[in-house]
Amino acid sequence: MVQPQKRRLLRRLLDSVACRVLELKDDLVRADLCETHCLDQVLQDLKLTPADLEVPIPKYFELEQSSILKDRERMLVELLSRLKPEISEGSFPMLSRTEAIILLQKAERARQGRLRATFMREIRKEEERDRKIREEGRFKFSQDEAAITIQKVWKGYLQRKRTQQDRRTEMEFIGMLPSASPAEPMGAASQASLGADVRRLRQTEKEEEFQLAVVKAHDHLRELEGPDMKEKMKEQIRQWFIECHALTGRFPDYPDESLGGSSLIFADKTPEQVRMELEVQVQENKKKEQEKNKEKEKEGKEKKKKKGEKTKKGEADTMLRALPSRSIPAINAGHKEYTNLWKNRFDSLFPSQSFDSETLKMEQRKDVEQEIRIQVDDLMRQELKNLRLAVDREETRPMKPPKARRGAGAETRQGARAGEARNRRPLPVPPCPRCSCLQHRPHQTVSLCFCPGHPPAPCSARPMDSLFEELVVLGLLKKSETVPLKDYVGDCLYLGSALNLANKLPMPSLADIRQNVALYAILRLGSPDIHSMAPLIRSILLVGPSGMGKKMLVKAVCTETGANLFDLSPENLQGKYPGKTGVQMLVHIVFKVARYLQPSVIWIGNAEKTFYKRVPKDEEEMDPKRIKKDLTKALRLLSPGDRVMLIGTTDRPQVAEMKGLCHTYERILLLPRPDYASRYVLWRHMIEAQGAKGTQHLDISALAKVSDGYTAGCILQAIQAVLTERRLLQLSRRPLLTSEFLGPLAKLDPVYREEEESLKDWYFKTPLGKKKMKFLKDQDAAEEAKAKEKKKRK
């Protein structure tokens, strides 16, 4: 689609639909008490595939900020190039002329020797063949016998080829062998990508035309219709003043700008409705005061009883009741706008897909009215003040103050002086944003720190470029690698519903993890509209054994959303910003730059170290817990619209404090070792990514069974150890075998069942895991009670 106005409408609808998906996900988590959901039975009933449930990531996340990302990458490259030491010429070994000639001669003579050896080997084979023919004697065929023999060999060869090809075609059709990539689909894909590039160029051209037309239409309407709008608004507001004064006996309060200003007056309300609203507000204020007094009189025992009742009765309601949606009104409004404006319009009216001037004027007229309304509000507020002063002087004149007695003149003067002295007392000093203390000079601005022991370094007055450069130099702001989310390969769980029926807890698959990261992080960080409307999530914790791709998921979030990557891992913070005030300054700068350059991802590797129960002796110098308090405080300040997310990764959450870890990270995703389906997809994808192709000699199903317990990182290491450059060159002569991967895989350590069980036990101690276990226990108790009742009836 090229038409700019339609594209804006569809963009709003797409954001609203994505927000609704996130709201439904939040409702599912509250209902299932689990981050992953077993929908295999639903897919089977609807005759859908797991790919139909994958929420695609919109491409405009990256396309809309491509220029910003290029500028930021250029700046990062420049800063990092200054930090890297230049490679000196002396670092390379220097060879003299004679040594270089001798080296070349050795290589050339070795090449000639290998060629001569192969040539002599072929000569010996021919001589041996001739010798056997001479000793045994050559059998003489007649012409017919020779022709029949040749036909037998040739027809047998052709039939074997046809059978092999038919068998391969059948295996490819049922999905047992990877299909060969023909040239035609590649040509179709290249044509489709070329068409997409042409369409994007047309979109940019039409967008530029639309922006120029917006500016021209805005100026034209402001010049022609602006004065008439201004006078009309003034007349309406004056009439409202007069009618309200005639009904209520006083002039109304002018609506504040935060509430919409005079737009509330233009909402087609009569003075009687205004009076009713004022009376309702007075009654509501009285009711609120009465309720506050009643709540204060209640005893603490009654509060505890109410809390207990609410927790018992309200849990089931909150689990099954859907919260009010903020996206459905936006979807309805967008659908209504589409049906009214664009549904019945024919494309023949706009063959070039240019903008509609009439619709543009209607939209710009609203903006012009809004600008003029702000100006009129300022003028009418002043006019209302003048009216109140004039009417008050006529109707109710203020009482004159009583004259002071002569004898008490000295006392009154002393009281007045004392009052002035009280008024001259300095106001409470705001805390310093650099160190959060109250010891800086009261007459100085807050932007500079003059605390004792601190140099007069600027805090909030520093430009953003210097803060950005400081974080890059210290290694706290890093350049993220380009890793698309689709590279996190894994299949879904096909037996989740069966495990639930058998009262067994199914563990999440790699596809579930990929989908949760897309929903919790990528969709929220990619669009400001989605982030402001969707349920707020400030932090995510990825828990799983090493090699499960936790860092890869963090890089994928940065790649898909174009986010900056801040590294606050304890190992990376060692020796940087020492002291208590240094830690406060560190967290303050990181979150300030992250907000300014949003979207941003703050990554903490080995997140358990920040919440250690006991710090090991060998890590006491690193002081991994020093950012714990300031980090939680800074996270609370994040509000809807601040596209900043904290993502932690850990493989040893058992050594951390459960309360602090769960209080800081709002969502905890457990990454267990991959199941059979995911391992099969991993082996096939990684082998093809290294440049090899699956053959009949390579049994991927056997590899998936043998690699049970190994993580995706172990599988990748084994594949890289086998498929070296030399082995890839030999694939045409020596096909890849299954047994080649067994040796490198056996040298790696798998994830033992005890380690996985300890991670599961820890996860079920989290708040969501506790609720799940309690729900299962209650369900089992209810089933046992039903079974006992049936026995009694019998």
Side-chain angles (χ1 to χ4, degrees), residues 23-50 52-53 301-325 491-513 515-516 543 654 658 662 667-678 708-709 753-794:
E23 289 174 350
L24 292 174
K25 172 66 177 178
D26 194 52
D27 293 339
L28 278 174
V29 171
R30 284 189 295 104
D32 289 348
L33 298 176
C34 184
E35 299 289 351
T36 57
H37 319 288
C38 301
L39 302 175
D40 50 329
Q41 192 65 39
V42 178
L43 289 175
Q44 187 176 355
D45 295 340
L46 297 176
K47 297 181 180 180
L48 298 175
T49 62
D52 296 326
L53 283 182
K301 294 181 180 179
E302 294 179 356
K303 290 182 180 179
K304 291 181 180 178
K305 290 179 181 179
K306 285 187 177 181
K307 285 182 181 178
E309 292 175 359
K310 286 181 180 178
T311 52
K312 290 179 181 178
K313 296 180 180 179
E315 279 183 1
D317 296 338
T318 54
M319 284 170 58
L320 301 176
R321 187 186 303 166
L323 297 178
S325 174
D491 207 348
C492 70
L493 183 64
Y494 294 98
L495 297 175
S497 300
L499 292 173
N500 281 328
L501 291 175
N503 293 328
K504 293 182 180 179
L505 289 175
M507 298 308 295
S509 62
L510 297 186
D512 296 330
I513 300 299
Q515 188 70 2
N516 282 338
V543 180
Q654 304 91 342
M658 177 65 74
C662 296
R667 290 287 189 271
I668 299 176
L669 301 180
L670 179 64
L671 282 70
R673 48 186 192 172
D675 54 359
Y676 171 78
S678 295
D708 186 13
R753 194 166 296 277
E754 294 81 9
E755 182 181 354
E756 189 178 12
E757 290 299 327
S758 66
L759 287 175
K760 289 181 183 178
D761 295 339
W762 176 88
Y763 180 75
F764 290 121
K765 293 177 184 177
T766 60
L768 191 63
K770 286 181 180 178
K771 291 180 181 178
K772 184 68 174 179
M773 296 303 293
K774 183 181 177 183
F775 176 75
L776 292 175
K777 287 180 181 178
D778 295 343
Q779 193 176 8
D780 294 340
E783 290 178 357
E784 290 178 0
K786 288 181 181 179
K788 289 180 180 178
E789 289 180 0
K790 288 181 179 179
K791 288 182 180 179
K792 289 180 180 179
R793 289 175 184 175
K794 291 179 180 180

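Residues: numbered from 1 along the sequence shown.
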* To do: Would you mind checking if D780 and K777 are paired as a salt bridge, meaning a charged N to carboxylate O distance below 4.0 Å?
  => no

* Asked: With a 4.0 Å cut-off, would you call D32 and K771 a salt bridge?
  -> no

* Take atom CG in L48; do more than 12 heavy atoms of anything else shown fall under 6.0 Å from it? -> yes

* Please report the closest heavy-atom contact between C38 and G496, naming both atoms and the distance. => SG-CA, 3.6 Å

* Of the non-hydrogen atoms in K770 and K765, which two are nearest, and what is the gap between them? -> CE-O, 3.1 Å

* To do: Any chance you could measure Q515, atom CD, to L53, atom CG, to the nearest 0.5 Å?
  => 7.5 Å

* Asked: If you look at every heavy atom in L493 and S509, which pair is closest and at what distance?
  -> N-OG, 3.5 Å

* Asked: Step by step, would you call L505 with L776 a side chain to side chain contact (heavy atoms under 4.5 Å, CB included)?
  -> CA-CA 10 Å; L505 289 175; L776 292 175; 3.4 Å; yes

* Asked: Taking the side chain as C-beta and beyond, is there a heavy-atom pair between K25 and N516 under 4.5 Å?
  -> yes

* **Reported CG-to-CD1 distance for the pair L671 and I513, which is rounded to 0.5 angstrom** => 4.5 Å

* Note, W762 side chain near I668 side chain (heavy atom, < 4.5 Å) -> yes

* To do: With the side chain counted from C-beta on, respond yes when V543 and Y763 share a heavy-atom pair under 4.5 Å apart, and no when they do not.
  => no

* Measure the CG-CG distance between D512 and L39 for me, rounded to the nearest 0.5 Å. => 8.5 Å

* Distance from S678 atom OG to D491 atom CG, nearest 0.5 Å? -> 6.0 Å

* Asked: To the nearest 0.5 Å, how far apart are CE in M507 and OG1 in T36?
  -> 8.0 Å

* Is the closest side-chain heavy-atom distance between V29 and L768 below 4.5 Å? -> yes

* To do: Any chance you could measure Q44, atom CD, to T49, atom OG1, to the nearest 0.5 Å?
  => 13.0 Å

* Student check: side-chain heavy atoms of L759 and E756 closer than 4.5 Å -> no

